[in-house]
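Predicted model, so just to flag it, every value in this text is computed and none were measured. Chain identifiers are assigned alphabetically (A, B, ...) following the order of the sequence lines, protein sequences preceding nucleic acid strands; residue numbering begins at 1 within each chain.
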Amino acid sequence: MKEELKEKILSAVEKKFPQVKELKDKIKVELPKEDRFGDLATNVAFLLAKPLRKKPLEVAQEIKPVLQEVKEFSKVEVAGAGFINLFLSEDYYRQVLERIIAERDRYGEAKEKNRGRVNVEFVSANPTGPLHLGHGRGAVVGNVQSNLYEYIGYTVEREFYINDAGNQIKKLGESVYARFRQIEEPDYPFPEDGYKGDYIKEIARHLYKYEREKILSMVDREQAVDFCAEFAKEMLLERIKEDLKLLGVEFDIWFSERKLYSSGKVEEALQFLKEKGLVYEKEGAVWVKTSLYGDDKDRVVIKSDGSYTYFAGDIAYHYDKFKRGYDFIVNVWGADHHGYFPRLKAVVMAFGVPEDWIRVIFIQLVKLFKNGQEIKMSKRAGKFITLRELVEEVGRDAVVYFFLTKDSNTHLNFDIDLALEKSAENPVYYVQYAHARICSVFREAKERTGFDPEKDFTADVSLLKEEAERVLMKYLSSIPDLIREAAEKQQPHKLTQITYRLASEFHYYYNHFKFLTTDDERLMKARLYLLKAVREALRTLFRLMGITPVERM
RNA sequence: GUCCCCGUAGCUCAGCAGGAUAGAGCGCGAGAUUCCUAAUCUCGAGGUCGGCGGUUCAAAUCCGCCCGGGGACACCA
């Protein structure tokens, strides 16, 4: 919406100052921070001041008359050092409300999914244990960012990379096998760096119950360990899927690291790099010249013992993604992988993709707080609160919302007490209550007046003359642009801010005005029409975040 | 040592591809309910935007240096 208006402003200004064309990208048209500065504000005059060698204020004065001719603007003011504040006409707001109600919970979403194909890879936890809070945050952020890409017109594939090769799985097998043996021989040694969580014992007990004979009959210990590993991996993967479902997160692609090796994709990718002259041997190992593409140094892909490094697998994995032809890809990673990005980016650049083809979103630590105290977790000792336990304790909506309150690249303190609180202090309840309140008003309307706002109806928006109503409509009109901005800047946490503000403006309105005035039916309908638009906007935001629009609280 | 992130109200943090008097929530103080859900709302106190320079009509935002906190720098995964 802002884009359309920006075009109108530009073409109007262009008649007077053709130079404005070159400044197009720098010109801003946005919601001013204070209400008295109008519905939209633009900085054109500041930008034109330099080439015209005039003061911004003068330029603004000269632009004012041309903008006054644009029919969408009811008033044009010059303020400050040269800001141009624009007030939108009633007719414009009528269109906004009509559009919201027509588009329902997809308000402002791109109609055509023709911007391209995107791959978002996230969670990608080792199938060696239950998901922890960091994974949960990554799951929510990755999923919501995917929703945002869809909102702005991309087709998105959500992918989970299963690290089912290598030492971690081996260790998993050893751990389960040891627990299995301990059932009969309590002194059977447990591997020093094994997984100590109780879930390992559970898996062992399960195996003992159903596969005891089979495992004990295996002569080769390795074989038994592999069997345990495979079984445990499958079981844990199933559990991971369930945990993700609890958060409302589902994947399109489950990509197995092991298949990458067994299908020869690693050789294929390395061959590709070799043909480009980017591979060489040194000190008995095979290296890739990542330093040519911005990495600090070259990296080993085949160790001197002949085995592949983890990096080799990742090269192959990304070569595969490259060949799938995405317009760009996004990796959601734990922030501890920060230092790993330059080398991966380097090798991907070597494939010959554009600079921003591979993007990364880092997820920082989540710390849990209860009764004002941090709950310390130790994975090594097997003492930690799982994602599932947290969801069971505070509920899915709270978990999702809290994970989205901060930029994913900053540490997050998750306050369990706050998440459980049923009051204004809890932002989840605050925003959900806004939605429930509107539903409640609608029920009451039908009850009292017989008029059912749930059904389609029209209203005379021009009757909405209160300041609070204009403020609300103004904010509603800017929401698609705000969502788009969140999508493009890869900042899904902005959704909670947008939602909170909308809820806040609604609560204010609710507390200061009556909607069910029987003496003026036209005004009542106009107000209910506005509420309906607010509700659809809330539903749009809830849908993007994956939060339930509760109808009663 | 090299590189990255962070430093904004008592606390937790927004804002940072420059724009108007730096925001929110919590906490603290004072209020609002004969009326559609008070799970709400209103008002108030509270700031050298870590420090010093620079660029600019304009700097919390961009650049440089410094101070403080965290992290990354494997023939690990």
Open item on the list: Using the side-chain heavy atoms of His493(A), tell me which of these nucleotides is nearest: A20(B), G15(B), C41(B).
Closed with: G15(B)
Open item on the list: Closest-nucleotide mapping onto RNA chain B: is Ala81(A) or Asp305(A) further toward the 5' terminus? I mean the 5' end.
Closed with: Ala81(A)
Open item on the list: Please tell me whether Gln491(A) and Lys494(A) have a donor and an acceptor in their side chains that are separated by less than 3.5 angstrom.
Closed with: yes
Open item on the list: Does the structure show Phe515(A) stacking with C36(B), if we require the centres to be closer than 5.5 Å and the planes to be within less than 30 degrees of parallel?
Closed with: yes
Task: From CA spacing to verdict: ring-ring contact (aromatic ring centres under 6.0 Å, His included), Trp357(A), Phe328(A) - done: CA-CA 4 Å; Trp357(A) 186 78; Phe328(A) 65 89; 8.8 Å; no
Task: Pair of N/O donor and acceptor under 3.5 Å linking C75(B) base with Thr309(A) side chain - done: no
- [ ] Provide the distance between the two P atoms, one in U61(B) and one in A20(B), to the nearest whole Å.
- [x] 13 Å
TODO: Verify the distance criterion only: is there a donor paired with an acceptor across the side chains of His435(A) and Arg535(A) at less than 3.5 Å?
DONE: no
Open item on the list: For the CD atom of Glu536(A) and the CG atom of Leu476(A), what is their distance to the nearest 0.5 Å?
Closed with: 11.0 Å
Task: Rounded C1' spacing from C6(B) to G51(B) in Å - done: 16 Å
Task: Nearest-Å distance for atom pair CD1/P, residues Ile438(A) and U40(B) - done: 15 Å
TODO: Starting at atom CG of Asn511(A), determine the distance to atom P of U42(B), rounded to an integer number of angstrom.
DONE: 7 Å
- [ ] Identify whether any heavy atom of Ala41(A) sits under 4.0 Å from a base atom; if not, whether one sits that close to sugar-phosphate; answer base, sugar-phosphate or nothing.
- [x] base
Task: First of His507(A) and Val300(A) reached from the 5' end of RNA chain B, by closest nucleotide - done: His507(A)
Open item on the list: Using the P atom as the point on both nucleotides, what is the distance between C63(B) and A24(B), in whole Å?
Closed with: 28 Å
Open item on the list: For a quick check of understanding: with a heavy-atom distance under 4.0 Å over all strands, which category does Glu447(A) fall into, base, sugar-phosphate or nothing?
Closed with: nothing
Open item on the list: Categorize Lys489(A) for me: base, sugar-phosphate, or nothing, with a 4.0 angstrom heavy-atom threshold over every strand shown.
Closed with: base
- [ ] Compute both the distance and the angle, then confirm whether Lys525(A) meets the cation-pi test with Phe451(A): under 6.0 Å from the six-membered ring centre, within 45 degrees of the axis.
- [x] yes
Task: Nearest to side-chain heavy atoms of Lys406(A), which nucleotide of A14(B), C36(B), U40(B) - done: A14(B)
TODO: Determine whether any donor atom in the side chain of Asn85(A) lies under 3.5 Å from an acceptor atom in the base of A20(B), or the reverse, and answer yes or no.
DONE: yes
Task: Near-parallel close stack of Phe37(A) and A20(B) base (under 5.5 Å, under 30°) - done: yes
Open item on the list: With a 3.5 Å cut-off and heavy atoms only, can you find an N or O donor on one side and an acceptor on the other between the side chain of Lys514(A) and the base of C35(B)?
Closed with: yes
- [ ] Tell me what Phe513(A) touches on the nucleic acid: a base, only sugar-phosphate, or nothing, going by heavy atoms under 4.0 Å.
- [x] base
- [ ] Taking atom P in both A17(B) and U12(B), compute the distance separating them and give it to the nearest angstrom.
- [x] 25 Å
Open item on the list: Taking the C1' atom in each of C5(B) and A9(B), what is the distance between them to the nearest angstrom?
Closed with: 23 Å
Open item on the list: Using the P atom as the point on both nucleotides, what is the distance between A45(B) and G23(B), in whole Å?
Closed with: 13 Å
